[in-house]
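The next block holds one structure in the form of structure tokens; read it before the comments.
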Amino acid sequence: MTKITFKKGNDFYEQVYQVVSLVPFGRVTTYGAIARYLGSAQSSRVVGYAMNNSHARVPKVPAHRVVNRNGMLTGKHFFGSDNAMQRMLEAEGIIVENDTVMSFTALFWDPAVYLL
DNA sequence: AAGGTGACAGTTT
DNA sequence: TAAACTGCCACCT
């Protein structure tokens with residue numbers, strides 16, 4: 001009886017990575033949306049925490065497409081340079097100004113809506 | 001084993 | 001309207 005246990009990152013983490021990987025090119029989503037889609041609407045902080053380890057993940061999850069509910073790049077500091085996250089987003093056609101995604105509501109991709 | 005931390009979010013001043 | 005406070009849940013020391 002071998003119960004598979006992940007030393008780090010429960011299913012929750014895996015699911016977070018999964019959802020983030022599904023965010024389409026040029027779109028963004030929020031921590032809260034992901035948490036809600038996974039059934040834990042109040043675990044948004046945990047989602048952010050999961051992203052912390054996302055860099056160690058392969059394939060690398062597009063963590064730059066995840067922002068907070070205001071469209072603010074709160075996690076930009078976790079990318080090499082301070083404006084690395086912004087540049088990645090801009091490379092996808094997303095306008096970032098003052099650490100905030102412009103037209104955020106239009107670019108917002110809600111997994112609960114587009115995912116089954 | 002217990003307490004502290006955080007890439008958030010919602011509510012209250 | 002903007003700033004501050006509180007709840008939340010998994011991880012780390």
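Every chain is numbered from 1, with letters handed out A, B, ... down the list of sequences.
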Next item on the list: Answer yes or no: does atom CD1 of I95(A) have more than 12 heavy-atom neighbours from other residues, nucleotides or ligands under 6.0 Å?
Entry: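 Atom CD1 in I95(A) is not crowded, with 12 or fewer foreign heavy atoms closer than 6.0 Å.
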Could you state the atom-to-atom distance from [atom1] of [X] to [atom2] of [N] in whole Å?
X       : N       : atom1 : atom2 : answer
K76(A)  : dC8(B)  : NZ    : C1'   : 18 Å
F104(A) : dC8(B)  : CZ    : P     : 13 Å
D99(A)  : dA7(B)  : CG    : P     : 14 Å
Q15(A)  : dA10(C) : CD    : P     : 12 Å
Y49(A)  : dC8(B)  : OH    : P     : 13 Å
F108(A) : dA9(B)  : CZ    : C1'   : 13 Å
F12(A)  : dC11(C) : CZ    : P     : 10 Å
H77(A)  : dT5(B)  : NE2   : P     : 17 Å

Checklist line | Separation between CD of Q86(A) and CZ of F79(A), rounded to the nearest 0.5 Å | finding: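 Spacing of CD (Q86(A)) from CZ (F79(A)) equals 12.0 Å.
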Pick base, sugar-phosphate or nothing for [X], based on heavy-atom distances below 4.0 Å to the nucleic acid.
X      : result
A63(A) : base
N68(A) : sugar-phosphate
H64(A) : nothing

Next item on the list: Decide side chain to side chain donor-acceptor pair (under 3.5 Å) for E14(A) and Q18(A); before the verdict, give the C-alpha distance in whole Å, the side-chain angles of both, and the deciding distance to 0.1 Å.
Entry: CA-CA 6 Å; E14(A) 292 301 325; Q18(A) 186 73 15; over 6 Å; no
Checklist line | Ring centroid separation F78(A) to H55(A) under 6.0 Å | finding: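 Not under 6.0 Å, so no.
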Atom pairs under 3.5 Å: protein N/O with N/O of nucleotides 4-9 of chain C:
residue, atom, partner, partner atom, Å
dG7(C), O6, R45(A), NH1, 2.6

Next item on the list: State, with a plain yes or no, whether a side-chain heavy atom of F25(A) is found less than 4.5 Å away from one of R65(A).
Entry: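 Side chain of F25(A) against side chain of R65(A), heavy atoms only: contact under 4.5 Å found.
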Notebook entry, point to check: Could you walk me through whether D99(A) and K76(A) pass the side-chain contact (heavy atoms from CB on, under 4.5 Å) check?
Noted result: CA-CA 8 Å; D99(A) 294 341; K76(A) 69 165 189 175; 3.0 Å; yes
Notebook entry, point to check: Please walk me through it: do E92(A) and R27(A) pass salt bridge (Lys or Arg N to Asp or Glu O under 4.0 Å)?
Noted result: CA-CA 8 Å; E92(A) 300 190 1; R27(A) 303 292 294 278; over 6 Å; no
